[in-house]
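If you read the sequence from its start, that first residue is 1, and numbering goes on from there.
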Amino acid sequence: MPAGMHHTPGNESSAEIRTGSGRLGRWATGLIAFLLAFLSCMGWLSWSADDKGEFRGLGPPAPNQFPTWQVIACGVTMVMVCLAAAHLSRWAVAGGLAAAAGTAAGFTTASSVDASADVTGQAGVGVVLAEIGWGLALGVLMLARGAWLTRRRSRLAARSQSWRLSLLGGCAGL
């Protein structure tokens, strides 16, 4: 805070009011999202199964072909990781964006482990495209989530204020 400014509980500006449901700040939210996305990516994409019942277990080198269901499950897990990390933040919009950035970074960092062994450079291009795709998609999702939560919070506050006023109006006639 700038010199001379104090935080007085109950006298918060709109920028200081918690808008999320969790307790984590932006950096902690991003770090949690990063770690969970890294582990999820490694968990889903370090082994492979195919339609013929073949299974390629864990271990280097990582497989480069996956059945569709495994890729979809990995994507759904990434979205769930981002939503879970955003839920832990005390900021609805900024926490969501931190979760989106952390999730995208965690996924692409895990993907980079395998891409580092590629001599053609195509895997590196894939990592860059994944970073852009995950960053934009999750960013839009978290902005929509933040707008929904902010709108919901405003409606609940207005309803609560209306309820209090009607209660006070009913007491005035006593």
Side-chain angles (χ1 to χ4, degrees), residues 14-153:
S14 61
E16 296 172 336
I17 297 173
R18 289 182 177 196
T19 56
S21 58
R23 304 181 89 192
L24 298 178
R26 291 178 298 268
W27 282 99
T29 301
L31 181 60
I32 292 291
F34 177 89
L35 292 172
L36 290 175
F38 183 88
L39 292 173
S40 296
C41 180
M42 294 298 276
W44 277 112
L45 302 180
S46 62
W47 60 277
S48 180
D50 63 18
D51 296 334
K52 299 174 198 143
E54 298 291 320
F55 176 77
R56 185 180 182 292
L58 299 171
N64 56 10
Q65 293 187 8
F66 303 95
T68 304
W69 67 265
Q70 191 173 357
V71 174
I72 291 171
C74 180
V76 169
T77 303
M78 289 299 118
V79 172
M80 297 306 290
V81 159
C82 187
L83 288 169
H87 183 72
L88 296 174
S89 178
R90 64 178 163 237
W91 310 111
V93 178
L97 292 174
T103 303
F107 180 87
T108 54
T109 301
S111 299
S112 297
V113 172
D114 182 52
S116 65
D118 180 37
V119 294
T120 66
Q122 289 179 339
V125 172
V127 168
V128 170
L129 292 175
E131 179 71 28
I132 292 168
W134 277 120
L136 289 174
L138 293 174
V140 168
L141 177 67
M142 292 297 107
L143 285 173
R145 174 192 169 271
W148 179 75
L149 287 174
T150 303
R151 196 173 323 118
R152 180 176 162 233
R153 181 181 174 100

- Check: Thr108 side chain, Ala105 main-chain N or O, donor-acceptor pair, under 3.5 Å: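 Present.
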- Quick check: does any side chain N or O of Arg145 sit under 3.5 Å from a backbone N or O of Ala86, one acting as donor and the other as acceptor?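 Yes; at least one donor-acceptor contact below 3.5 Å.
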Atom pair [atom1] ([X]) and [atom2] ([Y]), whose distance is rounded to the nearest 0.5 Å:
X      : Y     : atom1 : atom2 : answer
Leu39  : Phe34 : CG    : CZ    : 9.5 Å
Ser40  : Leu45 : OG    : CG    : 10.0 Å
Leu138 : Leu97 : CG    : CG    : 10.5 Å
Thr29  : Trp91 : OG1   : CH2   : 10.5 Å
Leu31  : Arg26 : CG    : CZ    : 15.0 Å
Ile32  : Leu88 : CD1   : CG    : 7.0 Å

- Message: Considering only residues two or more places apart or on different chains, which pairs with a residue in residues 92-139 satisfy ring pair (Phe, Tyr, Trp, His ring centres under 6.0 Å)?
- Response: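 The answer is Phe107-Trp134.
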Tell me the closest heavy-atom pair linking [X] and [Y], and the distance in Å.
X      : Y      : result
Gly124 : Ala115 : N-CB, 4.1 Å
Ala33  : Ala99  : CB-O, 3.4 Å
Met142 : Gly96  : CG-O, 3.0 Å

- Message: Restricting to side chain to side chain donor-acceptor pair (under 3.5 Å), what partner residues turn up for Ser116, sequence neighbours left out?
- Response: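 None.
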What donor-acceptor contacts under 3.5 angstrom involve side-chain atoms of residues 71-84, with partners at least two apart or in another chain?
from  : atom 1 : to    : atom 2 : distance (Å)
Thr77 : OG1    : Trp44 : NE1    : 2.9
Thr77 : OG1    : Ala73 : O      : 2.7

